[in-house]
Amino acid sequence: MCFFHQITTRSQSINSLLCIGLDPHLKELSLPPTCTEEERAEAAYQFCKRIIDATHPHAVCYKPNAAFFEAIGTKLGCVTLRRVVDAIPDGIPVLLDVKRGDIGSTAAAYADACYDDTDGLKADGVTLSPLMGWDSVQPFVTGKYADKGAFVLCKTSNPGSNDLLALTLQNTTLFEKIAHLANEWSHKAQAQSPVSFDTSSSSPRLGLVVGATDPQALSAARKAAGQDIWILAPGVGAQGGDLDAACKAGLNDQGSCMLIPVSRGVSRASDPGAEAQKLKEGINAARSAVLSSKEEKSEQSGSGIAAYQKDFIEFSLKEGVLKFGSFVLKSGRTSPYFFNAGLFSSGSALHKLGKSYAASIMASELVDKDGKVTFDVVFGPAYKGISLGALVCAALYNDFGVDTGFAYNRKEAKDHGEGGILVGASMVKKRVLIVDDVISAGTAIRESYALLEKIEATPVGVSIALDRAEKRSLEDPLSAVQAVARDLGIPVVSIARLPQLQEYLRVSPDYDEDVLKLVTEYRSKYGG
């Protein structure tokens, strides 16, 4: 598993964006001036071990800074660093903060020193200076180290970074050029050294270091790098970076792909574990606020109804799939409307449903700037997703000339014939769109995501019919759809959402103001 896939998987599994820095400053080790190198080494190790033991449930990765270990002494500095790396639990990536930058055999030697399991430091990723160009980065992310990754310095948190990194070059800044190159070099690394066991053919090899102290630069770097590049954003806490502003500027549209490293804030706490948990929860609160704000702006700018959405709502009402009234949901809430996709049960209704799915997909971010879909196969999870996936494939081809593969799973493995639980087009090393009717808790989508990852497929999005846009609970500001998008880092596209349903009621002559009022009140109370 490559480095950034490790980061993504770990982040999703513990719902965290916190990176813990391991910086054993000699002045923090409480040692006398006459101490020996052996005493410094042991104190540094115990300093880091205490932090690791207390914080590992909350850390996406650990970031030991090589400089503080080198300062221990020439005999035991690197030995101690390796001891610390070995003390980090399996499954938690190690990002070695070394900021190397050289070319040729020197860069290759640095890579061996950082990565080698036997004689090196056994890191999973490193920080690098990109100013000497691609050939200074290449040895760290290609060849025998194609499964590794690197964060390149883009716009660092120190004030002096403006001396060079903010310089303007041909209508862009140097740091924006670096952000763009992170994408370009990642593609170059993938082409030179594909990773056969990488579950994501598009997984980047490079990320960016952009200081949380400069939200404007964070925003510009995110725009230049795109949605898939991870950003390491130091500066929150001791350096004065504002967490809310940094998250607003640096998170991608799914509320992910940004790590917040904290060192002193954790190491100086009386209870590092409690402080790490507090930081994780604070980061999650900030990212939830960002997602909610984006959702609100999207609704304000896009509450109108597209033609395909109006058609979808009208034939859903005609088929009895969508009803207005008073309905007690599984959650115990009393809803003024109810949606049951199982009642799409005629040829004409299914034909129209497929056309609506296809139209919503082609109007979404699942289509790139060249008008091509970003997936190779449509996957319909058993059972309802099977028919829906087939409809979507057929409608995409019929209405838009888009010919993709189709696959689905069985609930029970077949022990004869072709056997197994998967049927249809191969999804191995393919980009896959998951199709379902609605997302309630998100369990089915998460199960599908895990199934696809096991076969080395890359889930790139989810397509559903209706997004109820409801909070999961009154204490949780995120809807189930938002939580899936955030946790899995993929977009969720719906044919229609609650705001479109409200707009339809507002302009339709078939429903009085009381129905609109009930739906509006329900959204005001439960809307996510």
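We use all heavy atoms of the structure for the numbers below, so side chains are in, but hydrogens, waters and symmetry mates are not. One is the number of the first residue; the rest follow in order along the sequence.
Looking at every heavy atom in both residues, Leu206 comes nearest to Ile229 through O-CD1, 3.5 Å. Between Ser494 and Arg497, the shortest heavy-atom contact is OG-CG, 3.1 Å. Here the closest non-hydrogen pair linking Ile20 and Ala276 is CD1-CB, 4.3 Å. Taking both residues in full, the closest heavy atoms of Ile92 and Ala59 are given as CG2-O, 4.1 Å, listed atom of the first, atom of the second, then distance. Nearest heavy atom pair, residue Leu243 against residue Ala286, reads CG-CB, 4.2 Å. Taking all atoms of both residues into account, the shortest heavy-atom contact from Gly235 to Ser157 is CA-CB, 4.5 Å.
Applying the side chain to side chain donor-acceptor pair (under 3.5 Å) criterion to Glu70, with sequence neighbours excluded, gives no partner residue.
When atom types are taken as modelled, the side chain of Glu39 and the backbone of Thr36 share a donor-acceptor pair closer than 3.5 angstrom. Under a 3.5 Å cut-off, the side chain of Asp436 and the backbone N or O of Val438 do not form any donor-acceptor pair. Side-chain atoms of Arg287 come within 3.5 Å of backbone N or O of Gly255 as a donor-acceptor pair. Judged purely by atom type and a 3.5 angstrom limit, Glu453 has no side-chain atom pairing as donor or acceptor with the backbone of Ala450. A donor-acceptor distance shorter than 3.5 angstrom exists from the side chain of Ser16 to the backbone of His58, with no hydrogens or angles considered. Distance alone, capped at 3.5 Å, is enough to place a donor-acceptor pair between the Thr127 side chain and the Val98 backbone. A distance-only check finds a donor-acceptor pair linking the side chain of Asp124 to the backbone of Val94 [under 3.5 Å].
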For the pair Asp117 and Lys122, evaluate salt bridge (Lys or Arg N to Asp or Glu O under 4.0 Å) and give the outcome as yes or no after the intermediate values.
CA-CA 5 Å; Asp117 286 354; Lys122 201 181 176 183; 5.7 Å; no
From CA spacing to verdict: side-chain hydrogen bond (donor to acceptor under 3.5 Å, both in side chains), Trp230, Thr8
CA-CA 9 Å; Trp230 278 86; Thr8 300; 3.2 Å; yes
For side-chain hydrogen bond (donor to acceptor under 3.5 Å, both in side chains), just list the numbers for Thr374 and Asp368, CA-CA rounded to whole Å, side-chain angles, deciding distance to a tenth of an Å, and then say yes or no.
CA-CA 6 Å; Thr374 59; Asp368 65 21; over 6 Å; no
Using the rule given for side-chain contact (heavy atoms from CB on, under 4.5 Å), can you reason through Asp214 versus Val210, listing the C-alpha separation, both sets of side-chain angles and the distance that settles it, and then say yes or no?
CA-CA 8 Å; Asp214 190 344; Val210 185; over 6 Å; no
Output, in order, the C-alpha distance, side-chain angles, deciding distance and verdict of salt bridge (Lys or Arg N to Asp or Glu O under 4.0 Å) for Asp112 and Lys144.
CA-CA 10 Å; Asp112 286 337; Lys144 61 183 177 180; 3.1 Å; yes
Going through the distances and angles, do Asp53 and Lys49 end up as a salt bridge (Lys or Arg N to Asp or Glu O under 4.0 Å)?
CA-CA 6 Å; Asp53 290 345; Lys49 186 69 165 57; 2.9 Å; yes
Test log, rule side-chain hydrogen bond (donor to acceptor under 3.5 Å, both in side chains), inputs Gln192 and Gln138
CA-CA 10 Å; Gln192 289 184 8; Gln138 182 180 12; 2.7 Å; yes
Using the rule given for side-chain hydrogen bond (donor to acceptor under 3.5 Å, both in side chains), can you reason through Thr173 versus Glu176, listing the C-alpha separation, both sets of side-chain angles and the distance that settles it, and then say yes or no?
CA-CA 5 Å; Thr173 61; Glu176 287 172 293; 2.8 Å; yes
Could you please spell out the steps behind the side-chain contact (heavy atoms from CB on, under 4.5 Å) verdict for Ile434 and Val460?
CA-CA 8 Å; Ile434 304 168; Val460 297; over 6 Å; no
What do the steps show when you test Cys19 against Tyr62 for side-chain contact (heavy atoms from CB on, under 4.5 Å), and what is the final call?
CA-CA 6 Å; Cys19 166; Tyr62 286 98; over 6 Å; no
Run the side-chain contact (heavy atoms from CB on, under 4.5 Å) test on Cys114 and Lys148 for me, step by step, so that the C-alpha distance in whole Å, both residues' side-chain angles and the decisive distance to 0.1 Å come before the verdict.
CA-CA 10 Å; Cys114 293; Lys148 304 297 186 180; over 6 Å; no
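Two residues are said to be in side-chain contact when any heavy atoms from C-beta on lie closer than 4.5 Å; Leu17 and Ser11 meet this criterion. Counting heavy atoms from C-beta on, the side chains of Glu38 and Glu42 never come closer than 4.5 Å. Here the side chains of Asn183 and Pro204 are not in contact, with every heavy-atom distance at 4.5 Å or above. Under the 4.5 Å side-chain criterion, counting only non-hydrogen atoms from C-beta, Lys430 is not in contact with Thr458. Two residues are said to be in side-chain contact when any heavy atoms from C-beta on lie closer than 4.5 Å; Gln46 and Arg50 fail this criterion. Within the 4.5 Å cutoff, the side chain of Phe140 has no heavy atoms near those of the Tyr145 side chain. Side-chain contact check for Cys257 versus Leu251: every heavy-atom pair is 4.5 Å or farther apart. A 4.5 Å side-chain heavy-atom check between Asn252 and Asp228 finds every atom pair outside the cut-off.
A cation-pi arrangement is present between Arg83 and Tyr45 under the rule of less than 6.0 angstrom and at most 45 degrees off the ring axis.
Side-chain N/O atoms of Ser263 and Asp23 include a donor and acceptor closer than 3.5 Å. Judged by distance alone, the side chains of Ser161 and Lys155 do bring a donor and an acceptor atom under 3.5 Å apart.
The pair Arg82-Asp86 meets the salt-bridge criterion, with a side-chain N (NZ, NE, NH1 or NH2) lying under 4.0 Å from an Asp/Glu carboxylate O. We find that Arg431 and Asp376 are joined by a salt bridge, their nearest charged nitrogen and carboxylate oxygen being less than 4.0 Å apart. Electrostatic pairing of Lys429 and Glu456 counts as a salt bridge here, judged by a charged N lying under 4.0 Å from a carboxylate O. Using a cutoff of 4.0 Å between basic side-chain nitrogens and carboxylate oxygens, Glu275 and Arg268 are not scored as salt-bridged.
The only member of Phe47, Phe69, Phe68 that meets ring-ring contact (aromatic ring centres under 6.0 Å, His included) when paired with His25 is Phe68. With Leu279 as the fixed residue, the side-chain contact (heavy atoms from CB on, under 4.5 Å) test singles out one of Asn284, Leu18, Thr55: Leu18.
Few gaps surround NZ on Lys188; more than 12 heavy atoms of other groups in view lie less than 6.0 Å from it. Atom NZ of Lys99 has more than 12 neighbouring heavy atoms from other residues, nucleotides or ligands inside a 6.0 Å radius. Atom CG of Leu31 is surrounded by more than 12 heavy atoms from other residues, nucleotides or ligands within 6.0 Å.
Using a 30° and 60° split on the angle between ring planes, Trp134 and Trp185 fall in the tilted class, from 30° to 60°.
Separation of the Phe151 and Phe4 ring centroids falls under the 6.0 Å cut-off.
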